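Since the structure comes first, as structure tokens, the remarks are kept for the end.
Read the numbers this way: they start at 1 and go in the same order the structure lists the ligands and their atoms. Predicted model only: the values in this text are computed from it and were never measured.
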Amino acid sequence: MPAPVLYCCDPLNPRRADEHFADEAREVRAAGGDIALIDHDALLQGNAELAVARVPEGLGAAWYRGWMIPAVQYADLNAALLRRGSSLIVGPDRYRAAHELPGWYEAFTDVTPASAWQPTGPGQAPPLAQLSALAAQLPSGAAIVKDYVKSRKDAWDQACYIPDLGDRRQLQRIVGRFVELQAEFLAGGIVLRAYESFVKDVTAAPELRVWWLDSEPRLITPHPDSRSTRAPAPELDHITPAVRGLGCRFVTTDVALREDGMWRVVEVGDGQVSDLHTACDPAALAALLVGR
Ligand SMILES: Nc1ncnc2c1ncn2[C@@H]1O[C@H](COP(=O)(O)OP(=O)(O)OP(=O)(O)O)[C@@H](O)[C@H]1O
Ligand SMILES: [Mg+2]
């Protein structure tokens, strides 16, 4: 029997899967898999018991597929499931490792831009001395700022791209604006990453999302934000050992072709919370989850 999959329910109709995941959930069922629903809003509001109230007792070990969950609430979800004779296949420790940059960075150092980070809380930009110390760990030149999970690429010039790490005022201003925009959603802390130049080919997706199950690249899709859906086959042989080293069963790597011809990992994510491009067939993802 394939492992069941927990989807987020529709906030307005808790007996149904959230519209965003409904087609995929249907495909899981069509492929012979079982699904159950959790309440993502309740979980993020701190009520994990309510969040799992519709999960049948004794369901066993399950995948999750849905909206991102902060690592602390993911652990709450697993604890609440355990009390009902169920659990998450990806334990809280491996979820955090794939979801937050400091968790996956070490395994990927050779294949991803150099990065340095500093824990901080929502609304709290690190003082300039700390930012300068972080910048000093990276090669000189341009960088980007993000938190442990997300960037503000929507505000690229104001709050993401740092043209020159040596310009302390610029560094402070851009990180400050990033912290302001992230507000209460700032996850974990501040990450600075050396900027690398990727090939700009408007006829192809600039980033590809590789879906790895048990360290095998099983599905390659355009990044969900891509306008183009043409996905050239990336070279992955040098990335496979990093994925294996991380030791997480279901992860995504977003890869981009650097101008020197190397495929680089822009970001790692837990496959359970990685979004699928709307042009992709949800049956392909469902097939992975039910082991087809
Ligand atoms: N080190 C880097 N060098 C060059 N460009 C980068 C670098 N890091 C990120 N970018 C660019 O910024 C974008 C956003 O970065 P990243 O994917 O890390 O953030 P995100 O907000 O988590 O995005 P996503 O929507 O994929 O979850 C990337 O898609 C890439 O175009
Ligand atoms: Mg990304």
Side-chain angles (χ1 to χ4, degrees), residues 20 65-71 95-105 108-117 134-135 137-165 171 174-175 177-183 185-202 204-212 220-229 231 234 239 242 251-278 280:
H20 192 77
R65 270 290 292 165
W67 304 116
M68 282 186 181
I69 302 175
Y95 175 78
R96 186 188 282 271
H99 186 56
E100 297 186 346
L101 182 140
W104 57 259
Y105 181 72
F108 284 81
T109 37
D110 293 342
V111 296
T112 198
S115 307
W117 58 87
L134 276 192
Q137 296 174 47
L138 300 181
S140 59
I144 69 118
V145 59
K146 61 182 294 186
D147 64 22
Y148 287 5
V149 178
K150 277 282 175 189
S151 72
R152 292 305 302 225
K153 63 184 178 189
D154 56 312
W156 183 255
D157 289 322
Q158 265 184 44
C160 189
Y161 179 65
I162 301 164
D164 177 11
L165 281 174
L171 175 64
I174 295 168
V175 174
R177 183 66 180 140
F178 172 75
V179 170
E180 198 173 73
L181 289 177
Q182 284 302 72
F185 299 109
L186 188 128
I190 293 298
V191 183
L192 297 182
R193 313 200 70 198
Y195 182 81
E196 297 188 1
S197 292
F198 300 119
V199 171
K200 290 174 187 71
D201 170 2
V202 289
E207 257 179 64
L208 305 178
R209 182 157 283 183
V210 185
W211 302 76
W212 304 78
I220 298 178
T221 61
H223 182 280
D225 297 343
S226 298
R227 253 178 265 161
S228 169
T229 54
I239 296 172
V251 294
T252 54
T253 56
D254 293 340
V255 299
L257 184 60
R258 201 168 57 187
E259 282 179 343
D260 65 359
M262 282 299 286
W263 282 95
R264 302 283 283 165
V265 173
V266 179
E267 189 178 28
V268 177
D270 186 295
Q272 301 176 109
V273 299
S274 293
D275 206 8
L276 184 67
H277 194 290
T278 50
C280 296

For Gln158 and Arg152, run side-chain contact (heavy atoms from CB on, under 4.5 Å): C-alpha distance rounded to whole Å, both residues' side-chain angles, the deciding distance at 0.1 Å, then the answer.
CA-CA 9 Å; Gln158 265 184 44; Arg152 292 305 302 225; over 6 Å; no

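Shortest contact from atom 15 (O) of ligand 1 to any protein heavy atom: Ser151 OG, 3.9 Å. Among all non-hydrogen protein atoms, the one lying nearest atom 27 (O) of ligand 1 is Lys150 NZ, 2.6 Å. Among protein heavy atoms, atom 17 (O) of ligand 1 sits closest to Glu267 OE1, 2.9 Å. Nearest protein neighbour of atom 30 (C) of ligand 1, counting heavy atoms only, is Glu207 OE2, 3.4 Å. From the protein, the heavy atom lying nearest to atom 7 (C) of ligand 1 is Ile144 CG1, 4.0 Å.
The OH atom of Tyr195 sits 13.5 Å away from atom CG of Leu165, with the distance rounded to the nearest 0.5 Å. Put simply, CD1 on Ile144 and CG on Leu192 are 8.5 Å apart, with the number rounded to the nearest 0.5 Å. Here Asp254 contributes atom CG and Thr112 contributes atom OG1; the two are 10.0 Å apart, rounded to the nearest 0.5 Å. Atoms NE2 and CZ, from His277 and Arg209 in turn, are 10.5 Å apart once rounded to the nearest 0.5 Å. For the atom pair CG of Leu257 and CE of Met262, the computed distance is 9.5 Å after rounding to the nearest 0.5 Å. Atom CH2 of Trp104 sits about 13.0 Å away from atom OH of Tyr148, to the nearest 0.5 Å.
Between the Mg ion (ligand 2) and Asp254 there is no N/O/S contact shorter than 2.8 Å.
Heavy-atom contacts of Lys146 reach the following atoms of ligand 1: 16 (P), 18 (O), 19 (O), 22 (O) (cutoff under 4.0 Å). Contact atoms of ligand 1 toward Pro113: 1 (N) (distance under 4.0 Å to a heavy atom of the residue). Close approach of ligand 1 to Val149 is summarised as follows: ligand atoms under 4.0 Å from at least one heavy atom of the residue are 22 (O).
Scanning for salt bridge (Lys or Arg N to Asp or Glu O under 4.0 Å) contacts around Asp164 gives an empty result, with sequence neighbours left out.
At a heavy-atom cutoff of 4.0 Å, ligand 1 is contacted by the side chain of Lys153 but not by its backbone. Of all the heavy atoms of Ala194, the ones lying under 4.0 Å from any atom of ligand 1 belong exclusively to the backbone.
When Glu196, Arg209, His223, Met68 are ranked by how near their heavy atoms come to atom 4 (C) of ligand 1, first place goes to Glu196. When Trp156, Phe198, Tyr148 are checked for heavy-atom proximity to atom 11 (C) of ligand 1, Trp156 turns out nearest.
Judged purely by atom type and a 3.5 angstrom limit, Arg65 uses its side chain to pair as donor or acceptor with the backbone of Ser274. A donor-acceptor pair is defined here as one N or O able to donate and one able to accept, closer than 3.5 Å; such a pair exists between the side chain of Ser151 and the backbone of Lys153.
The shortest heavy-atom distance from Arg152 to ligand 1 is not under 4.0 Å.
Residue Glu267 approaches the Mg ion (ligand 2) most closely through its N/O/S atom OE1.
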